[in-house]
**Student:** 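For reference, the structure I am asking about is given below.
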Amino acid sequence: MLGIVRGRIARGGVNASSLQKIRNQSLIYASSRSYSSASKEMTVRDALNSALDEEMSADPKVFVMGEEVGEYQGAYKISKGLLEKYGPERVVDTPITEAGFAGIGVGAAYHGLRPVVEFMTFNFSMQAIDHIINSAAKSNYMSAGQISVPIVFRGPNGAAAGVGAQHSQCYAAWFGACPGLKVLAPYSSEDARGLLKAAIRDPDPVVFLENELLYGESFPISAEVLDSSFCLPIGKAKIEREGKDVTITAFSKMVGYALKAAEILAKEGISAEVINLRSIRPLDRSTINASVRKTNRLITVEEGFPQHGVGAEICACVVEESFEYLDAPVERIAGADVPMPYAANLERMAVPQIEDIVRAAKRACYRSVPMAATA
Amino acid sequence: MTAAATKIIQPLPLNFTNTTPRSPDKALFHPLKTTPSSSFPASTHKLRLTKPNSTLARRRSTAVFAVSDVVQEKKPKSNTFHPNLLITKEEGLELYEDMILGRSFEDMCAQMYYRGKMFGFVHLYNGQEAVSTGFIKLLKNEDCIVSTYRDHVHALSKGVPARAVMSELFGKTTGCCRGQGGSMHMFSKEHNVLGGFAFIGEGIPVATGAAFTSKYRREVLKEGDCDHVTLAFFGDGTCNNGQFFECLNMAALWKLPIVFVVENNLWAIGMSHLRATSDPEIWKKGPAFGMPGVHVDGMDVLKVREVAKEAINRARRGEGPTLVECETYRFRGHSLADPDELRDPSEKAHYAARDPITALKKYMVENNLVSEAELKAIEKKIDEVVEEAVEFADISPHPGRSQLLENVFADPRGFGIGPDGKYRCEDPKFTEGTAHV
């Protein structure tokens with residue numbers, strides 16, 4: 001059922017009632033995790049919520065700030081239940097002033113608190129980007145280590161379904177270019193929990209890029225992940241699927257697409273290795289290069305705009321470090337170089353689909369299919 | 001109309017230490033004056049000061065609102081049959097039709113959304129029609145409006161055909177933005193609708209720029225008769241945003257022909273205006289920047305219209321901006337994905353009883369301006385218009401594949417030069433690529 005649901009999400013055909021259904025299904029899964037069963041599942045939403053909850057109870061300096069995080073339980077219900085538990089001083093509903101409250105968060109972090117600032121979507125972070133880059137990212141450097149900024153900026157990033165050009169941009173590449181920031185992009189619930197906890201405990205500013213369409217997805221989760229001290233290292237990628245013919249790197253929602261593409265490719269005899277980057281900055285160059293040296297072919301997948309994107313950086317680093325190992329040019333799959341259109345069919349064309357990954361993999365393996373092919 | 005009744009008092013000059021609008025008796029928009037009883041549908045001030053135990057009582061008890069006195073003091077222009085009314089029959093029918101169009105259209109949007117024909121974010125305007133109709137129906141075609149994501153009805157009032165808006169919402173190529181903008185981004189060059197912005201506060205500097213253009217054309221380019229006015233519509237939440245204050249300052253400084261219209265519906269998504277704002281009386285922010293601030297009952301289209309007339313004429317005469325706070329309410333949730341659980345049902349019921357459409361209907365019928373049958377005929381006509389819009393949108397085609405890469409630039413050579421040395425847009429296969437592979 002979830003597979004079909006995921007497919008519908010991928011085709012951009014989700015509307016309010018089906019989103020509600022997806023959420024309801026995820027709630028059912030979430031509630032079942034408290035009963036012991038052989039394989040536990042958890043939605044990304046619950047993973048984030050539980051991570052926030054645990055970190056807030058462990059450290060009284062952690063507080064959450066953002067629009068609708070309190071009484072509305074979070075615009076996407078990520079901070080559900082936190083207001084009742086921790087009170088309005090620690091779960092702060094703000095007026096609609098991104099520049100204002102991001103700046104306030106940075107100021108609080110200068111003085112030793114650990115804010116978690118939520119942007120309703122990262123598109124709105126552009127109103128606050130001066131604070132993220134100039135006040136937060138550069139401060140430790142400019143003060144020669146005197147002022148560190150242990151702040152987390154989190155929120156959904158990238159395209160949702162039918163929300164138009166101003167709500168759909170992926171900011172991984174923009175934030176990934178800035179020294180002083182750490183940029184994380186979780187995919188599964190395990191990633192979400194582990195990386196958010198690591199981000200909150202980290203003494204530096206962290207930009208935590210979630211994905212709205214992944215919130216309702218359920219992933220199997222081990223008992224170790226549910227432990228409250230579970231933490232994932234920042235800067236380490238994960239090999240989601242081992243393979244030997246071609247390396248596919250992806251982050252966030254595209255990891256799911258890459259895994260499905262890998263299954264399709266497996267049927268055609270191409271064994272693809274899928275790397276979940278997890279961390280955009282610092283990028284895990286050694287894992288990527290080790291994988292390319294094994295498979296000799298690379299495809300990078302991302303949802304954002306192609307120019308100066310994450311894929312461009314990965315390609316450059318592989319060419320610099322593993323040039324002799326490459327048997328084929330690096331293929332870069334990115335979103336279309338246009339502002340996100342509203343019409344459903346155009347939107348589908350503007351975002352990478354599974355078929356695009358499959359085609360690129362086949363090209364990298366020299367299995368025909370030339371460049372400007374029609375679907 | 002007497003001069004005294006229609007003149008909006010100028011704020012005190014800056015060398016006065018007292019900068020509040022509590023100026024001598026001629027003050028029209030006097031903050032402390034209570035409302036005399038009015039023959040129009042429910043007056044503002046009764047609303048907020050009742051019910052001490054409800055959420056509304058979080059307002060400071062000293063708050064008394066400036067109510068538009070223009071309505072009480074002005075002498076209505078005489079009209080052969082109805083000497084004491086504010087509108088003629090034709091005007092009344094026009095206002096009624098526009099409000100019914102807005103309401104029916106939004107109701108139809110909700111239906112279409114739940115049937116899956118519309119998707120993404122849809123923000124409906126039910127309940128706030130008096131503001132859109134009251135202001136926009138006074139504009140000329142060359143005047144501009146700038147709105148937020150709650151922009152369907154602003155576009156309709158300005159003259160964008162219902163079928164173009166509906167097609168846009170369905171994502172079809174016959175929409176006003178060819179399906180590329182969507183619900184939150186309605187643009188029309190022909191009708192001077194400058195958007196449709198998703199970010200709150202984003203439209204205000206854009207509107208201020210349009211007003212700047214109007215003044216520039218008159219003074220620098222010497223188009224002496226250019227007196228275009230711009231209206232910027234935005235909500236209560238926006239009034240805490242930095243861009244709002246920056247633009248109030250510049251508009252007043254340069255005396256730009258703009259009216260800042262605040263549609264104060266008391267709620268952001270689930271965040272009440274009272275919890276978000278240190279001083280909830282938005283109209284007060286106008287005088288702080290040197291422009292008049294007016295508060296008006298936004299559920300009463302006639303009151304809104306009177307205030308709007310004055311503000312728009314002021315701008316047209318070159319006297320500068322005005323900040324108008326319309327107290328209004330949205331009957332539905334913030335968007336169609338909002339379950340709307342945080343608002344008190346008694347508050348909703350209170351405002352539902354002040355529905356601007358029923359109020360206007362009651363006024364016109366009681367004053368024998370129109371008969372019920374004529375109003376029914378209008379409702380039927382609008383139903384047909386909206387149904388036709390839906391049919392048109394349904395049969396319209398989806399955008400073609402090649403449309404993905406169109407309109408990114410006005411000059412498509414902006415896509416640069418391809419590997420073969422020619423401009424990429426000249427390659428006939430250019431539009432075949434989709435996601436960048």
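It should be emphasised that the depicted structure is a prediction, and the values quoted were computed from it without experimental measurement. Naming: A, B, ... by sequence-line order, numbering from 1 per chain.
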**Student:** Restricting to non-hydrogen atoms, name the atom on Pro339(A) and the atom on Val408(B) that form the minimum distance, rounded to 0.1 Å.
**Tutor:**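 Shortest heavy-atom contact: CD-CG1, 4.1 Å.
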**Student:** Sort Gln243(B) into side chain, backbone, both or neither according to what part of it lies under 4.5 angstrom from a heavy atom of chain A.
**Tutor:**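 For Gln243(B), the side chain is the part near chain A, not the backbone.
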**Student:** Name the option with the most non-hydrogen atom pairs under 4.5 Å to chain B; the candidates are Ile299(A), Leu346(A), Thr97(A), Thr94(A).
**Tutor:** Leu346(A)
**Student:** Can you tell me if Glu71(A) uses its side chain to pair, donor with acceptor, with the backbone of Met271(B) under 3.5 Å?
**Tutor:** no
**Student:** Would you please name every residue forming a salt bridge (charged side-chain N to carboxylate O under 4.0 Å, His left out) with Asp130(A), sequence neighbours left out?
**Tutor:** none
**Student:** Taking side chain as everything from C-beta outward and backbone as N, CA, C, O, which of these in Glu68(A) sits under 4.5 Å from a heavy atom of chain B? Side chain, backbone, both or neither.
**Tutor:** side chain
**Student:** Nearest 0.5 Å, please: how far is CG in Leu342(B) from CD in Gln73(A)?
**Tutor:**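 The CD atom of Gln73(A) sits 8.0 Å away from the CG atom of Leu342(B).
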**Student:** Kindly check if the number of other-residue, nucleotide or ligand heavy atoms within 6.0 Å of CD (Gln307(A)) is above 12?
**Tutor:**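 No, because the 6.0 Å sphere around CD of Gln307(A) holds 12 heavy atoms or fewer from other groups.
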**Student:** Salt bridge (charged side-chain N to carboxylate O under 4.0 Å, His left out) with Asp93(A): which residues, sequence neighbours excluded?
**Tutor:** Arg275(B)
**Student:** Below 4.5 Å, heavy-atom pairs only: which of Gly175(B), Gly179(B), Gly242(B) has the largest tally toward chain A?
**Tutor:**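 It is Gly179(B).
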**Student:** Hey, which of Thr277(B), Leu169(B), Val122(B), Thr173(B) has the most heavy atom pairs under 4.5 Å with chain A?
**Tutor:**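 Among Thr277(B), Leu169(B), Val122(B), Thr173(B), the one with the most close pairs to chain A is Leu169(B).
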**Student:** Side chain, backbone, both or neither: which part of Asp338(B) has a heavy atom under 4.5 Å from chain A?
**Tutor:** both
**Student:** Could you tell me if the side chain of Pro399(B) sits less than 4.5 Å from the side chain of Asn345(A), heavy atoms only?
**Tutor:**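 Yes, side chains in contact.
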**Student:** Rounded at 0.5 Å granularity, tell me how far CE in Met126(A) sits from CZ in Phe199(B).
**Tutor:** 4.5 Å
**Student:** Measure across Tyr72(A) and Pro339(B) and return the closest heavy-atom pair with its distance rounded to 0.1 Å.
**Tutor:**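 For Tyr72(A) versus Pro339(B), the nearest heavy atoms are OH-CD, 3.6 Å.
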**Student:** Go through it in stages, so that I can follow the logic: the residues are Gln166(A) and His185(B), the test is side chain to side chain contact (heavy atoms under 4.5 Å, CB included), and I'd like the CA-CA distance, side-chain angles, deciding distance and then a yes or no.
**Tutor:** CA-CA 9 Å; Gln166(A) 294 184 342; His185(B) 307 294; 3.1 Å; yes
**Student:** Considering only heavy atoms and a distance below 4.5 Å, find which of Gly400(B), Gly181(B), Ala268(B) pairs most often with chain A.
**Tutor:** Gly181(B)
**Student:** Look at Gly270(B), Cys177(B), Ser183(B), Gly237(B) and state which one has the largest set of heavy-atom pairs under 4.5 Å with chain A.
**Tutor:**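 The answer is Gly270(B).
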**Student:** Given heavy-atom pairs under 4.5 angstrom as the criterion, report whether the side chain, backbone, both or neither of Phe197(B) touches chain A.
**Tutor:**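 When you check distances to chain A, atoms from both the backbone and side chain of Phe197(B) fall under 4.5 Å.
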**Student:** With heavy-atom distances below 4.5 Å as the criterion, would you say the side chains of Thr238(B) and Ile96(A) are in contact?
**Tutor:**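 Not touching, per the 4.5 Å side-chain cut-off.
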**Student:** How far apart are the closest heavy atoms of Val338(A) and Leu405(B), and which atoms are they?
**Tutor:**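 Smallest interatomic distance, heavy atoms only, reads CG1-CD2, 3.3 Å.
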**Student:** Using modelled atom types only, decide if a donor and an acceptor are shared between the side chain of Tyr342(A) and the backbone of Arg178(B) within a distance under 3.5 Å.
**Tutor:**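 Not a single qualifying donor-acceptor pair exists.
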**Student:** Roughly how far, to the nearest 0.5 Å, is the CD1 atom of Ile269(B) from the CE atom of Met120(A)?
**Tutor:**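 So the gap between those two atoms works out to 3.5 Å.
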**Student:** Answer with side chain, backbone, both or neither: which region of Gln127(A) has an atom nearer than 4.5 Å to a non-hydrogen atom of chain B?
**Tutor:** side chain
